[in-house]
K.L.:
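If you scroll down you'll find the structure; I have some questions about it.
Proteins get letters first, then strands, A, B, ... in listed order; numbering begins at 1 in each.
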2 protein chains.
Amino acid sequence: MSTSDSKSYHHGDLRQALLETTRQMIAEEGVEGVTMRGLAQRIGVSRTAPYRHFENKAALLAAVAQEGFEELIKHLRCARTADPTLSPIIRFEKMGMSYVQFAIAQPTAYRLMYGADAVRAEDHPEVREVVRRTLDELIEMIQECKAAGFLKTYHPRDVGMTVWSACHGLSLLLIDQHLQIDNVDQLIERVTRIVRVGLEGER
Amino acid sequence: MSTSDSKSYHHGDLRQALLETTRQMIAEEGVEGVTMRGLAQRIGVSRTAPYRHFENKAALLAAVAQEGFEELIKHLRCARTADPTLSPIIRFEKMGMSYVQFAIAQPTAYRLMYGADAVRAEDHPEVREVVRRTLDELIEMIQECKAAGFLKTYHPRDVGMTVWSACHGLSLLLIDQHLQIDNVDQLIERVTRIVRVGLEGER
DNA sequence: ATTTAAATGTTGACTGTGTCCACATATTAA
DNA sequence: TTAATATGTGGACACAGTCAACATTTAAAT
């Protein structure tokens with residue numbers, strides 16, 4: 001089993017190559033730039049070979065989206081657990097910043113992840129699953145806040161959805177360039193601060 | 001000039017018919033369901049006739065998106081000015097609820113409006129314009145709040161973007177069914193309440 | 001080791017779609 | 001009435017997704 005020789009009939013690990021190349025093409029040209037044919041050509045395989053590994057284009061994109069969520073979850077967890085000496089509510093704020101920074105660092109990939117056009121989560125249980133875990137990561141942080149005496153009057157789930165909404169919305173508005181600003185980082189700081197201060201008030 | 005006879009060579013008002021039929025098709029089958037050919041056929045005109053009125057599909061969709069934003073702005077203004085006896089911060093909250101309700105009442109249309117795939121705002125100045133006015137509508141409300149002594153320590157624009165982000169994010173998460181809940185209205189109430197209470201604290 | 005089955009890859013072909021071009025017809029202006 | 005303009009039509013092309021039938025390689029079974 002050759003892993004990536006050039007002339008062999010079998011590619012070796014086409015599935016992985018497809019995932020990687022798709023990610024690359026998305027980064028370079030956006031989701032619209034991804035075509036099954038282009039993908040195959042770039043990898044050096046015939047146009048229908050990908051269908052041995054993914055039922056169709058949607059399934060391939062869903063797999064890439066899933067990986068994206070897994071990356072996002074890692075980032076969030078990292079922000080959450082990075083510095084346990086910090087007040088949980090501050091770590092929560094940093095988590096929000098991490099979220100948005102992750103999104104705008106790879107705008108086209110983030111768009112794919114939540115892009116109902118390409119990936120209908122309801123059709124892809126694995127995507128559904130990682131989406132759920134994304135929210136869970138926020139809720140975990142909220143539990144810590146509650147344990148420290150914050151957010152006493154709220155249900156964790158409600159707060160989680162609120163913060164998720166704000167992060168998601170801000171990410172997309174930034175990615176789509178709907179917010180005409182020059183200092184992106186400053187805006188992220190201000191927005192997350194407004195949210196954090198608001199939540200902090202509810203001790 | 002016949003306005004909508006069936007057999008005449010000229011349609012009469014194809015431009016308007018295109019906008020309306022596009023809206024319908026979006027409502028029925030989503031943006032993906034819209035094809036130039038299908039549109040033309042449904043209206044009873046040849047497949048290339050639409051190109052006399054819109055440069056291409058993107059331009060047509062952009063025009064529909066623009067109308068969508070104008071509708072949204074109307075709704076927001078309505079919520080803002082409906083009951084001037086109410087505390088501005090409460091009207092602000094109602095405005096947020098209106099936003100999300102508008103979005104989920106026409107999910108596919110809302111997706112189009114913000115769907116970078118179909119409509120890249122940066123390519124369509126008219127869309128850029130209505131998007132800006134959407135934020136302005138929120139900021140207007142925030143000014144009223146400030147005049148009543150709320151939100152003293154914040155810049156209106158920052159608060160506007162924060163609330164817009166939350167509304168937009170919540171709308172999309174609901175539309176894409178990422179939030180697995182049974183009572184949508186209750187969630188909207190809870191989220192907008194959390195945001196309002198948070199802002200209210202900052203007198 | 002030989003045969004068989006399964007996995008993987010290839011080419012051809014079909015469909016649907018956006019859109020250009022040249023031409024036709026209707027409407028408006030000169 | 002004629003000329004110019006706006007609007008609508010059909011042919012044609014390129015691109016994309018994907019099915020079906022066939023080829024080749026690898027793995028499993030005897």
K.L.:
Measure from CZ on A:F54 to C1' on D:dT18 and round the result to the nearest Å.
P.N.:
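To the nearest whole Å, that distance equals 16 Å.
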K.L.:
Between A:T48 and B:G38, name the one whose nearest nucleotide on DNA chain C is closer to the 5' end.
P.N.:
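The residue closer to the strand's 5' end, by nearest nucleotide, is A:T48.
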K.L.:
Just how far, in rounded Å, is P of C:dT19 from CG of B:L39?
P.N.:
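Going from CG in B:L39 over to P in C:dT19 covers 12 Å.
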K.L.:
What about B:Y114 and B:F69, are their ring centers closer than 6.0 Å?
P.N.:
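Ring centres of B:F69 and B:Y114 closer than 6.0 Å.
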K.L.:
To the nearest angstrom, how far is A:H10 atom NE2 from C:dA7 atom P?
P.N.:
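Computing the A:H10:NE2 to C:dA7:P distance gives 11 Å.
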K.L.:
D:dT18 C1' sits how many Å from A:L18 CG, rounded?
P.N.:
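Atom-to-atom, A:L18 to D:dT18, this comes out as 15 Å.
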K.L.:
Tell me whether the side-chain N/O atoms of B:H53 come closer than 4.0 Å to OP1 or OP2 in D:dA6.
P.N.:
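Indeed not, no polar side-chain atom of B:H53 lies that close.
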K.L.:
Between D:dG8 atom P and B:I43 atom CD1, what is the distance in whole Å?
P.N.:
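Those two atoms, CD1 and P, are 10 Å apart.
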K.L.:
Is there a side-chain contact between B:Y110 and B:H168, using heavy atoms and a 4.5 Å cut-off?
P.N.:
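The answer is yes; the side chains approach within 4.5 Å.
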K.L.:
Nearest heavy atom decides the nucleotide; on that basis, is A:R52 or A:R47 closer to the 5' end of DNA chain C?
P.N.:
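Nearer the 5' end of the strand: A:R52.
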K.L.:
B:E55 has an atom CD; how far is it from atom P of C:dG18, in whole Å?
P.N.:
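Spelled out: CD on B:E55 to P on C:dG18 is 15 Å.
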K.L.:
Give the rounded distance in Å between these two atoms: CZ of B:R37 and C1' of C:dT17.
P.N.:
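My rounded result for the distance is 6 Å.
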K.L.:
In whole angstroms, how far is the P atom of C:dT15 from the NZ atom of A:K57?
P.N.:
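It is 21 Å, rounded to the nearest whole Å.
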K.L.:
So which one's nearest nucleotide on DNA chain D is more toward 5', A:M36 or B:V45?
P.N.:
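Going by which nucleotide is closer to the 5' end, it is B:V45.
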K.L.:
If we count only N and O atoms by modelled type, under 3.5 Å, do the side chains of A:Q24 and A:R42 hold a donor and an acceptor together?
P.N.:
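Note: A:Q24 and A:R42 side chains meet the donor-acceptor criterion.
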K.L.:
Can you confirm whether B:V34 sits close enough to B:V64 that some side-chain heavy atom of one is under 4.5 Å from a side-chain heavy atom of the other?
P.N.:
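A side-chain contact is absent here, since even the closest heavy-atom pair is not under 4.5 Å.
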